[in-house]
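Please read the structure below before turning to the comments.
What you see is a predicted model; the values in this text were computed from it and never measured. Labels below follow one simple rule: chain letters A, B, ... track the order of the sequence lines, proteins then strands, and each chain is numbered from 1.
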Amino acid sequence: MAPELLGVLVTAGPRVGRIVEVEAYCGSEDPGSHAYGGPTPRTATMFGPPGRLYVYFSYGMHWCANVVCGPDREAGAVLLRAAAPVRGIDAMRAARPRAKRDRELTSGPARLCQAFGIDGTFDGADLVTADRGVALASDGHLVAPDDMAASTRIGLSAGADLPWRWYVPGDPHVSGRPR
DNA sequence: CCGCCGATCTTT
DNA sequence: AAGATCGGCGGG
């Protein structure tokens, strides 16, 4: 489910980005997931139907966004970690004045949300009907398996050994240092 | 370019 | 008390 999102476009009004880095979080069985151990008020969206955005507040100041996937009530989610800006770069820069280079616009889960104007009010947004202006789209330019790499997920202690991060090696918009 | 540290608040 | 992070600062 997760690697198939590489190469897919995220759109929010004039802003368009191509997803180059994702992480899978596999429901209440995954010790690294917010859904681990069962639902809480904060994670309600993850336990709902697929195709919605699960947005959470991180480290007291950042928003991060996941695509809910898999069956209703299973709480599968794919964290959008990085995208390559395609269009609407002016709007992204305006939303992220701290970014000094274009590569800092969307290279990280909280940066991506800031650039696309995604905050807590987007939790539960429907990505299929784009009821809040955010959607996923494909232009046919998908990433081939040979052009992907996998690694462990970033920033976790629980579930740190599971290789559920996928990215496009060599793409300058992938977060962190190359691995 | 790299590593360290503080910010800030929700959840456990 | 720790966390699915980021950016500023100092050193190489």
Candidate nucleotides [options], ranked by approach to the side chain of [X] - the nearest:
X        : options              : value
A/Leu156 : B/dA7, C/dA4, B/dT11 : C/dA4
A/His34  : C/dA4, B/dT11, B/dT8 : C/dA4
A/Lys100 : C/dG8, B/dA7, C/dT5  : C/dG8
A/Ser33  : C/dG3, C/dT5, C/dA4  : C/dA4
A/Arg98  : C/dC6, C/dG7, B/dA7  : C/dG7
A/Tyr59  : B/dT11, C/dG3, B/dC1 : C/dG3
A/Phe57  : B/dC9, C/dT5, B/dT11 : B/dC9
A/Met46  : C/dG8, C/dG7, C/dA4  : C/dA4

Rounded to the Å, how far apart are [X] [atom1] and [N] [atom2]?
X        : N      : atom1 : atom2 : result
A/Leu79  : C/dA4  : CG    : P     : 10 Å
A/Arg42  : C/dA4  : CZ    : P     : 8 Å
A/Arg103 : C/dG7  : CZ    : C1'   : 16 Å
A/Tyr25  : C/dG3  : OH    : C1'   : 11 Å
A/Met61  : C/dG3  : CE    : C1'   : 12 Å
A/Arg81  : C/dC6  : CZ    : P     : 7 Å
A/Ile154 : C/dT5  : CD1   : C1'   : 11 Å
A/His62  : B/dT10 : NE2   : P     : 14 Å

Any side-chain heavy atom of A/Cys113 sitting closer than 4.5 Å to one from A/His62?
no
Considering only heavy atoms from C-beta outward, does the side chain of A/Arg93 approach that of A/Asp102 to under 4.5 Å?
yes
Distance check: side-chain N/O of [X] vs OP1/OP2 of [N], anything under 4.0 Å?
X        : N      : result
A/Thr40  : B/dT11 : no
A/Arg165 : C/dA4  : no
A/Arg96  : C/dC6  : no
A/Arg153 : C/dG3  : no

Distance-only donor-acceptor test (3.5 Å): side chain A/Tyr56, base C/dA4:
yes
If the threshold is 4.0 Å, N to carboxylate O, is there a salt bridge linking A/Arg111 and A/Glu104?
no
Under 4.0 Å between a Lys/Arg side-chain N and an Asp/Glu carboxylate O for A/Arg153 and A/Asp30?
yes
| said: If we count only N and O atoms by modelled type, under 3.5 Å, do the side chains of A/Arg52 and A/Thr45 hold a donor and an acceptor together? | reply: no
Across every strand shown, the nucleotide meeting Watson-Crick or G-U wobble geometry with C/dG10 (both distances under 3.5 Å) is B/dC2
In Watson-Crick or G-U wobble terms, with both distances under 3.5 Å, the base opposite B/dT8 is none
When rounded to the nearest 0.5 Å, the distance separating CD of A/Gln114 from CG of A/Leu105 is 10.0 Å
Item to complete: Have a look at A/Gly155 and say if it touches a base, only the backbone sugar-phosphate, or nothing, with a 4.0 Å heavy-atom cut-off.
Response: sugar-phosphate
